[in-house]
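All remarks here apply to the structure that follows.
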2 protein chains.
Amino acid sequence: MTTDPPAPPAPPGTPAPPGTSAPAPAPAPSPDAPSQSSAPGALNLALLRDRNDAAVLRAVRAAGDGTSRVELAVRTGLTAQAISKITARLLADGLLTEAGRSHVAGRSGKPRTLLRLVPDARSALGAEIGRRELHLLRTDLTGAVVVRARTPIDPDGEPGPILDRLAAMVRELTADTGGGRVLGLGLACPGPLDTRDGILHQVTGMPRWHGLHLREAVQDRTGLPVLVEKNTTAGVLSRPGPDHRAFVYLGDGVGAGLVLGGRVQRGARTNAGEFGHQCLDPDGPPCACGARGCLEALCLAALRTGRTDRAAAALALGVANLVRLLDVEEVVLGGATLLGDPEPYEAAIRTALAARLPDPHWQHVTLTRATALAVPQGAAALALSRLFG
Amino acid sequence: MTTDPPAPPAPPGTPAPPGTSAPAPAPAPSPDAPSQSSAPGALNLALLRDRNDAAVLRAVRAAGDGTSRVELAVRTGLTAQAISKITARLLADGLLTEAGRSHVAGRSGKPRTLLRLVPDARSALGAEIGRRELHLLRTDLTGAVVVRARTPIDPDGEPGPILDRLAAMVRELTADTGGGRVLGLGLACPGPLDTRDGILHQVTGMPRWHGLHLREAVQDRTGLPVLVEKNTTAGVLSRPGPDHRAFVYLGDGVGAGLVLGGRVQRGARTNAGEFGHQCLDPDGPPCACGARGCLEALCLAALRTGRTDRAAAALALGVANLVRLLDVEEVVLGGATLLGDPEPYEAAIRTALAARLPDPHWQHVTLTRATALAVPQGAAALALSRLFG
DNA sequence: CCGGTTAGTCCACACTGTTGTTTAACTTGG
DNA sequence: CCAAGTTAAACAACAGTGTGGACTAACCGG
């Protein structure tokens with residue numbers, strides 16, 4: 001765990017979240033903690049403002065290409081006046097621009113002024129740390145990938161040199177961000193980990209990374225706010241979607257990321273999403289986790305013998321179980337193995353859903369494919385969520 | 001669907017939620033809708049105040065018997081001054097009282113003034129509508145049951161007369177609520193339903209209730225704010241618990257209610273919790289839902305042949321799957337069948353969790369039994385959540 | 001050109017939580 | 001017993017939130 005040159009010694013103008021006006025009020029004890037860790041819902045005026053700013057930004061993003069203030073007022077439930085103040089703030093911060101007016105033929109009155117996100121106003125970094133390679137990318141405010149870079153990883157090696165390389169790549173990728181401030185760096189990792197403190201637990205297949213204080217290590221090397229997340233959870237955040245959705249991953253293992261009620265679900269011990277270890281057959285083959293008949297064990301065993309159909313059937317059953325239990329409206333499929341040959345999986349899942357949902361029409365589930373970049377993009381989205389909430 | 005005498009023609013002084021001072025600002029379109037239905041997180045000042053009031057009330061409730069203002073300030077993250085103002089409001093509303101001072105030996109300074117909930121300040125009604133009987137109860141502010149009543153139900157009968165009886169029971173049970181205002185009536189029902197509009201879908205085993213506008217019907221008959229909820233979801237709310245917990249139900253069927261991240265999860269179409277229809281054996285016995293090998297089918301088949309052990313094993317496997325997928329910290333067991341003979345189920349679940357969680361120590365799961373009243377109590381808790389958020 | 005209509009802003013305001021100061025109610029030490 | 005020290009809670013002045021009403025801007029239709 002070499003600690004290396006601390007890179008940019010202080011965060012070069014990054015830490016201020018949405019509002020930029022106040023000099024440095026920050027009553028928070030730790031400089032990067034999210035204001036109040038375990039506050040049970042009590043809100044401050046500053047937090048209120050940030051929340052409403054975020055709500056407006058989200059509404060603008062959701063609208064795609066241009067919304068008016070009136071529409072924002074309707075969508076958010078705030079007054080026109082409140083929207084006026086909030087958008088003024090966001091315009092001053094450079095996050096929004098006015099982009100023409102919306103002339104609707106045969107409609108009297110002053111036309112609405114369109115507002116848009118300024119993609120280059122901020123940027124975010126996201127990385128996927130895998131057992132084979134490290135993938136880093138930078139996105140703009142809309143989440144679109146701007147540049148990316150990759151480097152191989154030796155899973156048995158020490159993390160230190162790799163993190164040094166990561167820091168170097170970060171410097172490269174952020175060198176040319178005009179005035180666009182970098183919001184932070186999201187790191188998506190396999191295996192169980194502690195999201196809150198950014199500490200890895202037993203990362204399967206990467207023995208030297210066991211127990212690593214990843215957040216601290218990368219924060220020291222880059223000077224950026226760092227967020228550590230499980231890869232599947234990052235996957236589900238790769239793009240905005242419905243309030244109830246799941247990202248299902250089939251690669252080296254099987255896992256899922258969950259958004260329920262519009263919120264990422266990490267579970268009590270940040271260990272939710274162990275979708276691959278649901279038991280589908282108490283007498284099935286043994287799994288690496290110690291149990292028997294896990295979905296993951298069934299899938300991997302089938303794949304080893306080339307029986308994609310069986311792997312797909314097992315996965316499909318798991319997805320149907322998940323959909324029935326959680327009533328999600330979208331399932332996003334990802335992971336190298338699955339994306340390498342998606343059709344059989346999609347077909348099997350469609351069949352299973354049709355067979356196992358009592359009313360497939362009413363409970364329609366959208367099935368989509370993630371891109372290969374979903375995980376690092378989701379990691380970047382994590383950094384963007386400082387603005388979008 | 002007889003419409004009957006509309007009972008107390010207007011809500012007799014009930015509608016104002018926490019704050020009572022303002023005459024009647026209510027900018028909400030519909031009188032009982034929760035201010036703004038689908039507002040994506042935007043808050044106005046009135047909502048901010050209600051939220052903070054609720055946060056303080058929750059903190060007082062969580063503290064059990066008496067907290068001080070300083071402690072509330074710490075817990076909520078608000079300033080002492082803010083707490084002072086908020087508690088003053090709640091004291092004026094009669095929700096809190098000052099109950100002595102906390103003399104701690106060997107501690108200098110002014111002793112803290114203890115604050116407590118006033119149990120009788122408000123009350124809430126909760127009902128469980130089952131296939132065999134209707135169970136109604138009234139709780140105080142703390143959720144403790146004050147009075148209850150029951151009446152048999154003919155599952156094949158018309159709902160109208162039963163709802164009339166319900167309204168009569170409501171009048172009885174609320175006749176002697178001193179000044180304690182009734183916050184509302186929660187109705188827990190089986191089967192798929194639409195929580196938002198309070199409309200039942202196809203309630204299994206109660207054909208005449210199919211498509212009933214239950215909320216409206218009961219609201220008209222009682223004049224109270226009515227909330228309709230699925231029985232399992234009500235069950236999980238029967239008492240405060242950890243932020244990630246599940247209520248698992250084995251009665252006429254098998255189901256679950258979920259609280260994840262401190263929020264009830266109903267799913268995209270308020271159909272989450274179909275825990276009983278996870279497939280544990282693709283070649284298993286056919287289930288009433290049309291699929292094969294559902295947990296519920298396995299359990300019920302085993303129970304029909306008196307094999308409690310097999311039913312317990314199936315349920316335990318499902319619970320283990322649920323815990324791994326969602327990383328809950330508490331599982332509450334309920335339902336008449338299970339509570340009639342809980343030991344084998346508990347033992348099987350403990351065994352399954354020990355076998356299937358990679359680190360049972362770190363991921364410890366508390367297993368508790370619900371009371372027989374959990375469902376109607378949870379329904380009442382739903383009405384209490386107007387105050388507690 | 002002018003009235004009608006809609007969008008957005010300016011201003012005064014009510015209310016939120018915050019900061020700084022004062023009062024209340026104890027314990028401690030002489 | 002009394003003064004000093006300490007902690008709890010309230011009081012007063014304040015910054016900042018969203019709100020309501022009046023006002024201006026920018027279009028349409030005649």
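Chain letters run A, B, ... following the sequence lines, proteins first and then strands; every chain starts at 1.
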Go through dG8(C), dA8(D), dG18(D) for me and flag the one nearest to the Val70(B) side chain. dA8(D)

Taking the side chain of Leu78(B) as its heavy atoms from C-beta onward, which of dT9(C), dG17(C), dA25(D) lies nearest to it? dG17(C)

Give, for atom CG of Leu57(A) and atom CG of Leu115(A), the distance between the pair rounded to the nearest 0.5 Å. 10.5 Å

Taking for Leu91(A) and for Leu45(A) the nucleotide of DNA chain C with the nearest heavy atom, the one nearer the 5' end belongs to Leu91(A)

Kindly say if Thr113(A) contacts the phosphate of dG8(C), meaning a side-chain N or O under 4.0 Å from OP1 or OP2. yes

note: Lys110(B), atom NZ; dT28(C), atom P; distance rounded to Å ~ 18 Å

Can you measure Leu114(A) atom CG to dA26(D) atom P for me and round it to whole angstrom units? 15 Å

Which nucleotide in the set dT9(C), dA8(D), dT17(D) lies at the smallest distance from any side-chain heavy atom of Gln81(A)? dT9(C)

Would you please confirm or rule out a distance under 4.0 Å between OP1 or OP2 of dA8(D) and any side-chain N or O of Arg112(B)? yes

How many angstroms lie between CG in Leu382(B) and CG in Leu185(B), if you round to the nearest 0.5 Å? 10.0 Å

So, applying side chain to side chain contact (heavy atoms under 4.5 Å, CB included) with Thr233(B), which one of Thr270(B), Leu258(B), Val264(B) is it? Val264(B)

Provide, to the nearest angstrom, the distance between the CG atom belonging to Leu48(A) and the P atom belonging to dA15(D). 19 Å

Grab the CG-P distance between Asn52(B) and dT17(D) for me, whole Å please. 16 Å

Using the side-chain contact (heavy atoms from CB on, under 4.5 Å) criterion, which residues pair with Pro119(A)? Sequence neighbours excluded. Asp140(A), Thr142(A)

Option passing side chain to side chain contact (heavy atoms under 4.5 Å, CB included) with Arg69(A) (candidates Val74(A), Val56(A), Thr113(A)): Thr113(A)

Let me know the distance between CZ of Arg89(A) and P of dT9(C), rounded to the nearest Å. 13 Å

Between dT7(D), dG17(C), dA7(C), which one does the side chain of Asn44(A) approach most closely? dG17(C)

How many whole angstroms separate atom CD of Glu98(A) from atom P of dG8(C)? 8 Å

Counting heavy atoms from C-beta on, name the nucleotide in dT17(D), dA25(C), dC27(D) closest to the side chain of Arg101(A). dC27(D)

Closest-nucleotide mapping onto DNA chain D: is Ala80(A) or Arg69(B) further toward the 5' terminus? I mean the 5' end. Arg69(B)

Counting only side-chain heavy atoms from C-beta out, which of dC26(C), dT18(C), dG18(D) sits nearest to Thr79(B)? dT18(C)

Write down the distance between CG (Leu43(A)) and C1' (dC15(C)), rounded to a whole number of angstrom. 16 Å

Any idea which of dG4(C), dG17(C), dA7(C) is nearest the Ser108(A) side chain? dG4(C)

Between dC15(C) (P) and Leu47(B) (CG): distance, integer Å: 16 Å

Of the listed nucleotides (dA25(D), dT16(C), dG18(D)), which one gets closest to any side-chain atom of Ile86(A)? dG18(D)

